[in-house]
Amino acid sequence: MAERKEEAKEEAVARHFIQNEIDKDLQEGIYDRVVTRFPPEPNGYLHIGHAKSILLNQGLAKEYHGSFNLRFDDTNPQKEKEEFVHSILADVEWICGEKPPVYFASDYFDKMYECAVHLIKKGKAFVCDLSPEEIREYRGTLTEPGKNSPYRDRSVEENLRLFEEMKNGQCEDGSRVLRAKIDMSSPNINMRDPIIYRVAHLHHHNTGDKWCIYPMYDFAHPIEDAVEGITHSLCTLEFEDHRPLYEWVVRECEFEMPPRQIEFAKMYLTNVVTGKRYIKKLVEDGIVDGWDDPRLVTITALRRRGYTASSIRRFMELCGVSKSNSSVDYAMLEYCIREDLKMNRPRMMAVLDPVKLIIDNYPEGKVEYLDVPNNQENPEMGTRKVPFARELYIEREDFMIEPPKKYFRLYPGNEVRLMSAYFVTCVDYKTDENGNVTEIHGTYDPETKSGSGFTGRKVKGTIHWVAAPTAACAEVRLYENIVDEEKGIYNEDGTVNVNPNSLTVLKECYMEPALKEAEPGDKFQFMRTGFFCVDTKDTTEEHLVFNRIVSLKSSYRPK
């Protein structure tokens with residue numbers, strides 16, 4: 001009994017403030033079920049920060065056996081594209097592991113128009129002819145109240161007529177707006193008669209040319225939530241000052257079951273670029289090869305690089321939910337993908353910087369197949385057959401002519417183990433005119449075959465290899481942070497401080513022949529190198545491309 005009480009106590013402590021608020025709402029009968037939503041604007045690709053909102057909203061809906069919607073806040077056709085709609089659909093389905101019900105704010109444009117007319121009839125909205133500059137001037141400052149528009153006291157009849165003219169295309173862009181009539185002396189600038197509709201003769205991806213007036217986000221968003229029956233509208237802290245306007249809209253539009261807005265802190269990841277305009281600039285300038293470039297932290301880029309949805313979900317669990325802004329070390333995200341892959345992905349041999357090793361006493365033309373564990377830490381994954389031959393490729397860094405102390409790999413006269421194969425001793429090497437090693441020669445001891453039980457002597461070094469006659473040739477891309485961490489993310493002119501070494505392309509790497517059959521998106525651990533993924537964009541049947549997801553080592557440890 002004592003143990004159960006302690007477990008219950010720990011569970012209560014672990015619950016975050018949003019769960020506590022929802023518990024309270026349900027207990028008090030304010031809502032009888034929970035409905036959440038993720039409301040992206042289709043004006044760019046989602047990034048890792050959006051994943052927090054997606055998973056938070058989906059997770060709460062599941063926890064309370066409620067519903068979770070994906071709704072596009074497509075109220076600004078000037079910046080929206082079908083391309084972004086499709087990318088968001090794919091990202092959300094991938095992150096969630098299922099496809100949620102999909103809605104569009106533009107489907108509610110008729111309802112929003114009705115709400116605007118309703119506000120006019122109540123004397124709560126008016127058509128204003130002030131220019132954008134004049135509206136800003138009239139608004140006041142943080143320390144000084146604003147002043148009323150000279151058009152604020154128009155009659156209901158005149159406002160209805162003018163708003164109808166706006167809707168019918170009789171007004172030029174920027175000539176008129178519809179404003180809520182609230183309080184120009186409010187200490188909250190968002191409540192100083194905010195604009196709720198503007199004239200914009202723009203083609204909309206969903207409604208075509210039906211509308212030439214479009215609602216502002218702060219007006220549209222609460223109506224969308226109310227129409228869909230959203231109970232808890234979760235948003236980030238910058239919308240806290242907008243909450244009074246959110247509540248004003250749902251109250252004055254007289255929705256029977258008004259949703260409740262709750263704010264939480266954004267997730268800031270160290271040394272990454274998440275701003276849409278910065279990513280767009282990187283794309284347009286050709287610094288990256290698209291919104292899915294694996295150096296970025298857009299969700300589509302993380303997926304292409306090889307991150308798994310489960311690793312991102314685990315990352316968000318570690319980050320938690322709070323009311324205070326804070327930064328999270330990128331190393332935590334790398335830790336999550338390592339933990340996700342290390343026990344369930346085969347560990348393959350791949351040589352990224354090859355130099356040839358010729359075993360002089362191994363029979364010419366012979367190829368034997370050796371048993372190699374698929375994952376040394378997970379015996380249940382079994383073994384595979386890997387070809388071994390007289391000519392092999394090894395990593396260039398695994399051979400030195402004049403090694404330093406405690407260098408246990410291959411050098412003249414030294415013996416090492418070839419992983420899952422034999423002991424081999426270096427007897428000679430060749431160099432080019434620049435002193436670069438071009439070929440290494442060695443001899444092997446057939447008595448030392450791995451698994452034979454040989455105990456005659458021990459060696460300190462073990463290196464991996466790939467048989468040259470059967471090797472698969474591939475391009476390998478090594479990624480580092482796109483930001484020069486020592487100089488900071490942004491330059492003084494606002495551009496991204498790009499790390500010149502953020503991408504290294506290795507054109508001629510050799511690996512086990514089994515990898516010839518790898519499909520785009522397949523993930524592997526390359527022995528002693530890192531975790532890699534077959535690139536989903538540039539890989540073809542003739543050209544195999546691997547992206548390094550993450551290296552093997554990390555200084556990060558979970559708390």
Side-chain angles (χ1 to χ4, degrees), residues 346-403 405-431 436-474 508-517 524-529:
R347 300 181 180 182
M348 313 293 282
M349 289 194 281
V351 177
L352 307 189
D353 185 14
V355 62
K356 187 167 283 188
L357 168 64
I358 300 172
I359 304 176
D360 295 331
N361 63 335
Y362 193 87
E364 290 193 42
K366 177 183 178 181
V367 176
E368 65 174 310
Y369 288 82
L370 305 175
D371 290 320
V372 177
N374 284 322
N375 188 319
Q376 287 86 339
E377 292 186 64
N378 185 1
E380 293 182 3
M381 290 186 67
T383 62
R384 65 186 183 280
K385 297 288 186 180
V386 178
F388 184 87
R390 185 173 185 266
E391 294 189 5
L392 310 171
Y393 291 112
I394 64 171
E395 291 287 355
R396 188 170 294 276
E397 67 174 19
D398 284 342
F399 174 79
M400 294 187 73
I401 298 172
E402 297 179 359
K405 289 183 179 180
K406 296 186 178 180
Y407 181 85
F408 299 124
R409 284 168 275 177
L410 203 57
Y411 56 86
N414 191 45
E415 186 176 50
V416 299
R417 173 174 286 286
L418 297 177
M419 190 175 290
S420 298
Y422 300 96
F423 287 8
V424 63
T425 303
C426 175
V427 296
D428 197 7
Y429 62 90
K430 293 181 181 180
T431 61
N436 297 313
V437 176
T438 58
E439 200 173 274
I440 305 164
H441 286 261
T443 58
Y444 88 115
D445 182 349
E447 300 297 322
T448 60
K449 185 175 182 180
S450 182
S452 66
F454 175 79
T455 58
R457 61 187 181 278
K458 294 183 178 180
V459 291
K460 292 185 176 179
T462 299
I463 63 175
H464 66 281
W465 50 272
V466 172
T470 57
C473 185
E508 193 173 331
C509 303
Y510 294 101
M511 45 199 68
E512 294 181 35
L515 289 171
K516 294 177 184 178
E517 307 302 319
F524 306 90
Q525 180 179 326
F526 288 174
M527 292 286 192
R528 303 165 59 216
T529 309

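- Note: L352 CG to E508 CD = 12.5 Å, rounded to the nearest 0.5 Å.
- Atom NZ of K516 has more than 12 heavy atoms from other residues, nucleotides or ligands within 6.0 Å.
- Considering all non-hydrogen atoms of both residues, P513 and P387 come closest at CG-CG, 3.6 Å.
- Among residues two or more places apart in sequence or in another chain, the side chain to side chain donor-acceptor pair (under 3.5 Å) test is passed with K385 by D371.
- A distance-only check finds a donor-acceptor pair linking the side chain of R396 to the backbone of P354 [under 3.5 Å].
- To the nearest 0.5 Å, the span separating CZ on R417 from CZ on F454 amounts to 8.5 Å.
- Between Y429 and T431, some side-chain heavy-atom pair lies under the 4.5 Å cut-off.
- Pairs of residues two or more places apart, or lying in two chains, that qualify as side-chain hydrogen bond (donor to acceptor under 3.5 Å, both in side chains) and include a residue from residues 453-462 are E415-R457, D445-R457.
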task: Decide side-chain contact (heavy atoms from CB on, under 4.5 Å) for K449 and E368; before the verdict, give the C-alpha distance in whole Å, the side-chain angles of both, and the deciding distance to 0.1 Å.
output: CA-CA 12 Å; K449 185 175 182 180; E368 65 174 310; 3.5 Å; yes
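- Rounding to the nearest 0.5 Å places CZ of F388 at 9.0 Å from NZ of K366.
- Under the 4.5 Å side-chain criterion, counting only non-hydrogen atoms from C-beta, P373 is not in contact with P379.
- Contact annotation: the side chain of K356 approaches that of Y393 to within less than 4.5 Å [non-hydrogen atoms, C-beta and beyond].
- Across all non-hydrogen atoms, the minimal contact from V416 to F408 is CG1-O, 3.5 Å.
- Formation of a donor-acceptor pair under 3.5 Å by the T529 side chain with backbone atoms of M527 is found in this model.
- Between A389 and V367, the shortest heavy-atom contact is CB-CG2, 4.3 Å.
- Annotation for E377: atom CD counts as buried by contact number, over 12 foreign heavy atoms lying within 6.0 Å.
- Residues V351 and I394 have side chains not in contact (no heavy-atom distance under 4.5 Å, counting atoms from C-beta outward).
- Annotation: side chain to side chain donor-acceptor pair (under 3.5 Å) contacts of Q376 (sequence neighbours excluded): none.
- In this structure, the separation between OG1 on T383 and CG on L370 is 11.0 Å, given to the nearest 0.5 Å.
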Worked verdict on R409 versus E395 for salt bridge (Lys or Arg N to Asp or Glu O under 4.0 Å): CA-CA 11 Å; R409 284 168 275 177; E395 291 287 355; over 6 Å; no
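- F524 and F526 have parallel rings, their planes meeting at less than 30° on a 0 to 90° scale where 60° marks the start of perpendicular.
- Residues W465 and V386 form a side-chain contact, since some pair of their non-hydrogen atoms from C-beta on lies under 4.5 Å apart.
- With values rounded to the nearest 0.5 angstrom, L410 atom CG is found 6.5 Å from L357 atom CG.
- Using modelled atom types, one side-chain atom of E512 and one backbone atom of M349 make a donor-acceptor pair closer than 3.5 Å.
- In this structure, CD on E439 lies 7.5 Å from CD on E391, to the nearest 0.5 angstrom.
- When side chains are defined from C-beta on, L418 counts as touching I359, because their heavy atoms get closer than 4.5 Å.
- The shortest non-hydrogen separation linking C426 to I440 is SG-CG2, 4.0 Å.
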task: For side-chain contact (heavy atoms from CB on, under 4.5 Å), just list the numbers for Q525 and N375, CA-CA rounded to whole Å, side-chain angles, deciding distance to a tenth of an Å, and then say yes or no.
output: CA-CA 9 Å; Q525 180 179 326; N375 188 319; 5.6 Å; no
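- Looking only at side-chain heavy atoms (C-beta outward), R528 and I463 come within less than 4.5 Å of each other.
- Residues C473 and Y510 meet the side-chain proximity criterion, which asks for heavy atoms closer than 4.5 Å.
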Worked check of side-chain contact (heavy atoms from CB on, under 4.5 Å) between Y407 and K405: CA-CA 5 Å; Y407 181 85; K405 289 183 179 180; over 6 Å; no
